[in-house]
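Worksheet: the structure to be examined is printed underneath.
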Amino acid sequence: MSDQIRITLPDGSVREYPNGVTSLEIATSISEGLARNVLAAKVNGTVQDATRPITTDATVTLLTWNDSEGKATFWHSSAHLLAEALEELYPGIKFGIGPPIEKGFYYDVDLNGQHFSQEDFKKVEDKMLELARQKQEFVRQPISKAEAVAYFEQKGDPYKLDLLEGLDDGTITFYTQGNFTDLCRGPHIPNTGFIKAVKLMNVAGAYWRGDEKNKMLTRVYAVTFPKQKELDEYLHLLEEAKKRDHRKLGKELELFAFSEKVGAGLPLWLPKGTMLRERLENFLRKAQVRAGYSPVVTPHIGSKQLYVTSGHWDKYGEDSFKPILTPEAGEEFLLKPMNCPHHCEIYKTKPRSYRDLPLRLAEFGTVYRYEQSGELHGLTRVRGFTQDDAHIFCRPDQVKDEFMKVIDLVLYVFRSLGFNDYMAQISLRDPENKQKYIGSDEVWEKAEAAIVEAAAEKGLRTVTELGEAAFYGPKLDFMVKDALGRKWQLGTVQVDYNLPERFELEYTGSDNQKYRPVMIHRAPFGSMERFIAILIENTAGNFPLWLSPDQIAVLPISEKYEDYANEVFLLLQENDIRGYVDHRDEKIGRKIRDSELNKVPFMLILGDKEQSEGRVSVRRKGEGDVGSMSLTEFVEFFQNEIKPTTAPVV
Ligand SMILES: [Zn+2]
Ligand SMILES: [Zn+2]
């Protein structure tokens, strides 16, 4: 064993350290400040305790709160702290497992008959903070299986004994902090002192090992942070997100609904939601016509053979809606899971020459995909949805150019709808596992190069992920950040060299020879359902004026002014301004409040003065009085309001 080892850091620099150095000591040698923030370390690709000695030459990445693996270690360690606190407060409690989750962590516990509910959260949080302040170190101890079993038998912890059964002798470790010892392979943060803010979030039932034949345990969800400020911000964000939840606003604003009778995951678009959706569709239709797309329409079902040819049947058939049979023997149809095969058949309706390409076929195509009922969520996970789909058939030499045009269109859509913080993920093949994908090396390399170059030339901010490509081609996925800083995946652009092969698509080249076109799938919104869900949450229901289902509310002060209200409304309609007259026998204050709640951008208040002078009193939502105007003045004012931003003509 040599005395010195060579440590390679992420910036490529190599430093020598005594054999047995810990990642924490490496951090200290770089800066004290860094050392105070190191939660764990990735050593030769494996995340481990920052306090573990390193005994070979290694590549070391120090993990902090800013790394997802650092956060996971922090939260998993916090689960041990939660368990320690619970054991002090509830003697005799038994422990299941305590993993980190996307935001925080949980621990499954058997309270042994003791009561535990929301009212007890504060007590547990205080105990956790008290223990955290003791800066208890997480001490790792390799242990034989026999000794581990003996420990938990003596303690009387059946779940840990159950877990131990599945573990091999020689691979088992205990971790102890303070008075609490857990069976765990780690890693953990150096000590509990890093945990400065604690919040228990929820308590729920969970069967041991997820099996309903087993005992129901209590799952305690919590989240922790290295700073109180971060917890405060997180709780504020949760509160905001709850207010903006598209399922809640969709109901309040009467945009969409679900009905058990119609079926789970099948949204019903109400009149106002349909108004919004049609505006969006028309907006994209216009942009697509300008960009040279041809709209097409195809049926909601297709013969099973269509999807056998496309490969979808082999790939997804088992896990999707079952075939539809007809009275005729052997006739089988599938609900359309994708529009692409239909569009391939449109391509084949006549011979194509190199001069006809690119051919861009666009369709708002409704597709159906089976999702387990537990996976369904508002408009973001549904069983029937409409893609703003298009397929571009082009020559290989046109791929990059077409790709750049699609990027232009996607960015135009984002900017018009107020998503200014976006980036893209380039998903490439897993080079280690090439047999997973359809198509030759050569076509994959060409497609990947086209995406990478097009994204670079358009100056897109990108990350590249190996192994994330679809089975039929590499892709570019767009991600936007919403007003709360949450990331959403939106539009996707995908090169496909494979469907043209399967459908034997051809075009005649200038040399009179036959060639295969390349296919590009693209959908800037992704789906209307998902996009509108994100739009609702991003705007909190305050849509841009051009998209608002109701742009104005006409509010007569009393029924005396109803005729005048109808007259005003008619004139607005003639000028393509949408809205309604509030005819209810309610006080004007109530009418104003309700239209504010309905998030109508403008209110026109009509009383005696307005009627006699032929004017309207204009209020803007959230701001109040804008002033008195003649009807012509208001129409002009409104048209200026709708115009100056990036609002597209719809
Ligand atoms: Zn652990
Ligand atoms: Zn497609």
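All values below come from the heavy atoms of this structure, side chains included, with hydrogens, waters and symmetry mates left out. One-based numbering, in listed order, for ligands and for the atoms of each.
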Metal-centred angle, the Zn ion (ligand 1) as apex - NE2 of His188, NE2 of His80, 10° resolution: 90°

Arg219 NZ/CZ over Tyr106 ring centroid, <6.0 Å and within 45° of normal: yes

Check: Phe225 ring centre within less than 6.0 Å of Tyr234 ring centre: yes

Cut-off under 2.8 Å, centre the Zn ion (ligand 2), protein N/O/S atoms: Cys340 SG, His391 NE2, His521 ND1

Residue pair Leu280 / Phe531, side-chain heavy-atom distance below 4.5 Å: yes

Modelled atom types, side-chain donor and acceptor of Lys155 and Thr181, under 3.5 Å: no

Short side-chain donor-acceptor distance under 3.5 Å, Asn179 and Glu84: no

Option from Glu465, Gln494, Gln489 for which side-chain contact (heavy atoms from CB on, under 4.5 Å) with Asp477 holds: Gln489

